[in-house]
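A short worksheet on the structure shown next.
In the text below, chain A, chain B and the rest are named by the order of the sequence lines, each starting its count at 1.
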2 protein chains.
Amino acid sequence: METLTQRLTGRGWRMTAQRRVIARVFDAAGAEHIHLTADDVLERAVAVLPEISRATVYNTLGEMVDAGEVLAVNVGDRVTRYDPNVAKTHHHLVCEVCSSIFDVQAEVLPSANTADVAAIAPGFVIESADVIFRGRCACCR
Amino acid sequence: METLTQRLTGRGWRMTAQRRVIARVFDAAGAEHIHLTADDVLERAVAVLPEISRATVYNTLGEMVDAGEVLAVNVGDRVTRYDPNVAKTHHHLVCEVCSSIFDVQAEVLPSANTADVAAIAPGFVIESADVIFRGRCACCR
DNA sequence: GTTAATGCAAATCGTTTGCAGGTTT
DNA sequence: AAACCTGCAAACGATTTGCATTAAC
């Protein structure tokens, strides 16, 4: 499993202190079930590199998303979360009580629905699907 | 098919001029494939009742959502859209070119995934699912 | 030495809120 | 009268941007 830092380096990114710190925030967090807000990232980055600015965090996260190395996840509130797990297509499980977010692998993604779609919006070509399951996690039942 | 105005009246809402106008904006638009932003609603409401305020539109839309008569739909940008089609559970098809949004009926809702979920997040109880299919509509292929 | 990235502060934009005044029951 | 609704303007919070400075290649 390649780290985000490795993926970015391999991509020929100019590796500044701030970019390295941001990438390492994700690497330190792990690979799955990581969905950090820009503020989460800033907070952890500041602990290592106190002079890093909020704008740089936003800009860098945006660049990581544009590069396809991080996913921008939106679960319905007005806050974007950043998810470094781009290797396997997956969807999200959101606990409505504690707001935890879990990844769910998406092999299953209903090709079944394509039939329905054809009936409703003839000619629509589906390229991807975002699925958010809402409910209660084990801790919050 | 009951109109939104009828549903709200039947619910014993205090029917002021502004609430009526807002409800009628949706009624005039139809039942399916309606996904208006607060600004869309304001614009159309102002055409009928020029003194209506943005705050009232926001407040009223929020109340309609709380009452369960309108759905707040979020397709990933930072803008909430309002969908009066609450009768049948459905999901959304978003054209990545022209941003049109279509409804898709959701009988199909992947109970299949429950198995995966059990493996990933044991004990998680799914209560609902939001699905956003992205692609290109017939006009934009 | 170029080119690109950073930090700061100000700007944006959708949305919410406090409050005084007006309306509905 | 009591409870509720409206409009205004100011507040908010996440994100973006302009620009002068600094750092990487």
Under 4.0 Å: is that the gap between some side-chain N or O of [X] and OP1 or OP2 of [N]?
{"X": "B/Thr80", "N": "C/dT15", "result": "yes"}
{"X": "B/Arg14", "N": "D/dA3", "result": "no"}
{"X": "B/Gln18", "N": "D/dG7", "result": "yes"}
{"X": "B/Thr16", "N": "C/dT24", "result": "no"}

| field | Steps toward side chain to side chain contact (heavy atoms under 4.5 Å, CB included) verdict (A/Ile132, A/His91) | value | CA-CA 6 Å; A/Ile132 301 170; A/His91 299 301; over 6 Å; no

| A/Arg78 near the nucleic acid: base, sugar-phosphate alone, or nothing, with a heavy-atom cut-off under 4.0 Å? |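 Sugar-phosphate only.
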
| said: Any base atoms under 4.0 Å from A/Met15, or only sugar-phosphate, or nothing? Heavy atoms, all strands. | reply: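 Sugar-phosphate contact only - A/Met15 comes under 4.0 Å of backbone atoms but never of a base.
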
| Where do B/Arg136 and B/Glu96 land on the salt bridge (charged side-chain N to carboxylate O under 4.0 Å, His left out) test, with the steps shown first? | CA-CA 6 Å; B/Arg136 298 170 159 253; B/Glu96 293 183 304; over 6 Å; no

| message | For B/Arg134 versus A/Phe124, what's the shortest heavy-atom pair and its separation? | response |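 Closest heavy-atom pair between B/Arg134 and A/Phe124: C-CE2, 4.2 Å.
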
| query | Which value, rounded to the nearest 0.5 Å, describes the distance between B/Ile34 atom CD1 and B/Asn85 atom CG? | reply |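 The CD1 atom of B/Ile34 sits 9.0 Å away from the CG atom of B/Asn85.
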
| query | Quick one: CG on A/Asn74 to OG1 on A/Thr80, what's the gap to the nearest 0.5 Å? | reply |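 A/Asn74 CG to A/Thr80 OG1: 5.5 Å, rounded to 0.5 Å.
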
| said: Just to be sure I understand the geometry, which residues of residues 53-60 of chain A put a non-hydrogen atom under 4.0 Å away from DNA chain D? | reply: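 A/Arg54, A/Ala55, A/Tyr58, A/Asn59 - these, ordered by number, are the residues of the stretch whose heavy atoms sit under 4.0 Å from the strand.
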
| task | Determine, stepwise, if the pair B/Phe133 / A/Val131 fulfils side chain to side chain contact (heavy atoms under 4.5 Å, CB included). | result | CA-CA 8 Å; B/Phe133 294 98; A/Val131 183; over 6 Å; no

| task | Could you tell me whether A/Glu43 and A/Arg54 have a side-chain N and a carboxylate O separated by less than 4.0 Å? | result |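 No, A/Glu43 and A/Arg54 are not salt-bridged.
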
Rounded off to whole Å, could you give me the [atom1]-to-[atom2] distance for the [X] and [N] pair?
{"X": "A/Glu51", "N": "C/dC8", "atom1": "CD", "atom2": "P", "result": "9 Å"}
{"X": "A/Leu61", "N": "D/dT17", "atom1": "CG", "atom2": "P", "result": "15 Å"}
{"X": "A/Asp39", "N": "D/dT16", "atom1": "CG", "atom2": "P", "result": "13 Å"}
{"X": "A/Leu49", "N": "C/dA5", "atom1": "CG", "atom2": "P", "result": "17 Å"}
{"X": "B/Ile52", "N": "C/dG22", "atom1": "CD1", "atom2": "P", "result": "18 Å"}
{"X": "B/Leu42", "N": "C/dG14", "atom1": "CG", "atom2": "P", "result": "12 Å"}
{"X": "A/Asp77", "N": "D/dT15", "atom1": "CG", "atom2": "C1'", "result": "14 Å"}
{"X": "B/Glu63", "N": "C/dT16", "atom1": "CD", "atom2": "P", "result": "11 Å"}

| message | For the backbone of A/Leu4 and the side chain of A/Glu69, can you confirm whether one donor and one acceptor N or O come within less than 3.5 Å of each other? | response |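 Answer holds: no.
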
| query | Taking the six-membered ring for Trp, is the centroid-to-centroid distance between A/His92 and A/His90 below 6.0 Å? | reply |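 Yes, the ring centres sit under 6.0 Å apart.
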
| Using rotation axes that map the C1' atoms of four end pairs onto the next four (five pairs an end), what angle separates the end axes of the helix from C/dG1-D/dC25 to C/dT25-D/dA1, to 10°? |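 One end axis against the other gives 30°.
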
